[in-house]
2 protein chains.
Amino acid sequence: MPDPRLSALPTPCLLVDEAKMKRNIDRLSAQATALGVSLRPHLKTTKSVDAARYVLTGGNGPATVSTLAEAEAFARVGVTDIIYAVGITAPKLDRVIALHRSGCNLIVLLDNVVQAQAVATASRSSSIAIPALIEIDCDGHRSGLTFDDPTLLDVGRILTQGGAALHGVLCHAGGSYGAVGVAAQAKCAEQERLAVVNAAEALRGAGLQCPVVSVGSTPTAHAAQDLTGVTEMRAGVYVFFDLVMAGIEVCCIDDIALSVLTTVIGHQSTRGWIICDAGWMAMSRDRGTAAQDVDQGYGIVCDSAGVPIPGLIMVQANQEHGVIARRPDFKGAVPAIPVGTQLRILPNHACATAAQHSGYNVIPETPEATLMNWPRFGGW
Amino acid sequence: MPDPRLSALPTPCLLVDEAKMKRNIDRLSAQATALGVSLRPHLKTTKSVDAARYVLTGGNGPATVSTLAEAEAFARVGVTDIIYAVGITAPKLDRVIALHRSGCNLIVLLDNVVQAQAVATASRSSSIAIPALIEIDCDGHRSGLTFDDPTLLDVGRILTQGGAALHGVLCHAGGSYGAVGVAAQAKCAEQERLAVVNAAEALRGAGLQCPVVSVGSTPTAHAAQDLTGVTEMRAGVYVFFDLVMAGIEVCCIDDIALSVLTTVIGHQSTRGWIICDAGWMAMSRDRGTAAQDVDQGYGIVCDSAGVPIPGLIMVQANQEHGVIARRPDFKGAVPAIPVGTQLRILPNHACATAAQHSGYNVIPETPEATLMNWPRFGGW
């Protein structure tokens, strides 16, 4: 029996299952408490004030963002402790200073001397000691300094002596997205912990302050066994989870709280294809599971209640067309799915899929309650 | 010497080169004139009223769209002849009827009996003969009926007898995106032409009307040698072009009018990486050139004037970080690119990259004139 709340929605659109989302949030909160660190959620996945209220301590607590547009949007609604976790550049410092003047303590991230000099210069000229974290590399994934790189102390001194505030060190174990299973991810978490703890000790050993020691990625946050020396952890996609996270066993398929609602618009019977109105514009072009053991195509196909239909994935996507077909290795029967049927597609990567939409249709945990609508924003 | 108009832009952001865009538009207009067909541009690439004025005949002429949101946005500014080129479903017909009542002749697309019945029912109940095109398949790419499928006549009769208006037939040779070079693409164009001309003849032979015979894809539109029996052609991405189109020789790299402006935020010198602030959120996850002879990664790296820097591509992308490095096979020297340098990245797929942004910064063809800002929209 189709859900009349969903039948009334224009497709394609985003759905969030509030009960699953709350379960995911509770799981990581309990983990942070058990490990004795504070949790600083990354709001880049949801980019929604409504969703942020669920994850921020007291609804307004410490946050991480990936763009100044996010920082500005969350500052406007009262979030005052934010890490902007992408390397800063000089032209962006005017907006950083404006945020500080509006009462938001925005912490910037950097890993080189040019950035440190720019932050010091801006601190002096604005008379605001801009707080900065030094990015530490633990796995060669992207940015950051290793703890034994002499630049670490140079950057620390430029900040401290130049009038900025050396806030601490931060590491993101991006390599953990390639680690399958909790044991492998726990090793990544320990590598991440050691990298920042060693960097903090190097700074302190040189007479520099390092109050904050920040780690985080969704896999390491869930797998960490011990975070001695760490003060906080960050994670983002855990709120929704997705097929990439399920593929490395951080969650189950049933934990995925985000899906795209779509409608069947046709068939190509000779090829066994079902054509639906969710293409890559609705799903994103993210094919994160392509490199995993089980390639989920553009997503797992569920009925409109969110139950996976065995054997069916979205095998291709054009801009506004999705092609649903059986998995290459599936031998069972697949049901007939007539034109007009609503389906849900579980995404490869929640951050990327959500970014294609301007809002969420949220199915409340209270049965049969009216759907909630949470706007989301984008931009830089 | 950096362009002060670009230095003032926050990065990442979209740039359009107006002169290149106009050159691309003129090229396809001349081709349509030479072939004796009208050109019905697809507005899904630009999704911008300002950009649409350049491609629509007289600024308001016939158009193609991929969503009802596009149809509504263009109808509001006076475009009255629009094909909605994605298979219709019953719940969307209320908005189709509303568009007709507002004075926009929106033509829907379908390829099956269920859709035809829905359009007929809506036509009768609204007393508007909704015009419908039957989608024809020429290459097994996606949707559509072959000319000899008996469903073709069934659908035509349901529309005609049911009170809708059988407007004609439409084909999109999506398979042409895999054809390299003008000779291969000309074959696709002839296959596309034959598919619709045969379908039109089948309908006419059964006593049904078929005034419109529509073909189109950017590769076939440029390569077609003869369009006898065709009334109009459609294309979208030709306005900007992109690396996928360059990879199959529909255009040159120098024709690409769209790029993403980014700023260098750091380096990983041991790996030869340059880190910039355009990740997949700015570029999209589209990796269309991965399947081509030359994989361009997430894009070709240019200096801020738009000139490609030999050997450099974006090899990886995280949400807000792009990793620039030398191509695996490049043996030459690459220049040092300091933190703070602005670069431009040419995208794999203009439709996907543009969709990640809320507007275009347009460099006017008049030298040193002020940048134009063209908003774009999304949604369904």
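Here is the naming used below: chain letters follow the sequence lines, and residue numbers restart at 1 for every chain.
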Comparing D137(B), D111(B), L110(B) against chain A, the one with the most heavy-atom pairs below 4.5 Å turns out to be D137(B)
The interface call for H141(B) against chain A, heavy-atom contacts under 4.5 Å, is both
Scored by heavy-atom pairs under 4.5 Å with chain B, the best of A85(A), G87(A), C13(A) is G87(A)
Comparing G266(A), G279(A), S7(A), G140(A) against chain B, the one with the most heavy-atom pairs below 4.5 Å turns out to be G140(A)
When the 4.5 angstrom heavy-atom criterion is applied to P12(B) and chain A, the contacting part is both
When every non-hydrogen atom of I265(A) is compared with those of N112(B), the smallest separation belongs to O-ND2, 3.2 Å
Closest heavy-atom pair, W280(A) versus H349(B), reported as atoms and distance to 0.1 Å, is CZ2-CE1, 3.7 Å
With chain B, the option among A90(A), P10(A), A352(A), G340(A) that has the most non-hydrogen atom pairs under 4.5 Å is A352(A)
Per-residue tally against chain A (heavy atom, under 4.5 Å) across P91(B), G144(B), G174(B) peaks at G144(B)
Cut-off 4.5 Å, heavy atoms of chain A, and the answer for K44(B) is both
Per-residue tally against chain A (heavy atom, under 4.5 Å) across G288(B), G359(B), A282(B) peaks at A282(B)
When rounded to the nearest 0.5 Å, the distance separating CD of Q356(A) from OG of S284(B) is 8.0 Å
dist T263(A):OG1 -> K92(B):NZ (nearest 0.5 Å) comes out at 5.5 Å
Bottom line for V114(A): the part with an atom under 4.5 Å from chain B's heavy atoms is side chain
Here the gap from T270(B) atom OG1 to D149(A) atom CG, rounded to the nearest 0.5 Å, amounts to 9.0 Å
So, the part of R287(B) with a heavy atom under 4.5 Å from chain A: the answer is neither
Report task. Please test E320(A) against W380(B) for side chain to side chain contact (heavy atoms under 4.5 Å, CB included), starting from the C-alpha separation and ending with a verdict. Result -> CA-CA 10 Å; E320(A) 299 292 348; W380(B) 289 271; 2.7 Å; yes
- Query: Side chains of Q115(A) and V339(B): does their closest heavy-atom pair fall under 4.5 Å?
  - Reply: yes
Here the gap from M281(B) atom CE to T67(A) atom OG1, rounded to the nearest 0.5 Å, amounts to 8.0 Å
d(T89(A) OG1, Q342(B) CD) to nearest 0.5 Å is 9.0 Å
Audit row: F377(B), S358(A), side chain to side chain contact (heavy atoms under 4.5 Å, CB included) steps and yes/no: CA-CA 11 Å; F377(B) 56 88; S358(A) 61; over 6 Å; no
Highest number of heavy-atom pairs under 4.5 Å with chain B among Q268(A), R142(A), R285(A), E135(A) belongs to R142(A)
dist Q319(A):CD -> D286(B):CG (nearest 0.5 Å) comes out at 10.0 Å
With chain A, the option among G379(B), C351(B), A8(B), G378(B) that has the most non-hydrogen atom pairs under 4.5 Å is C351(B)
For S143(B) and I275(A), the nearest pair of non-hydrogen atoms, with its separation, is OG-CG2, 3.6 Å
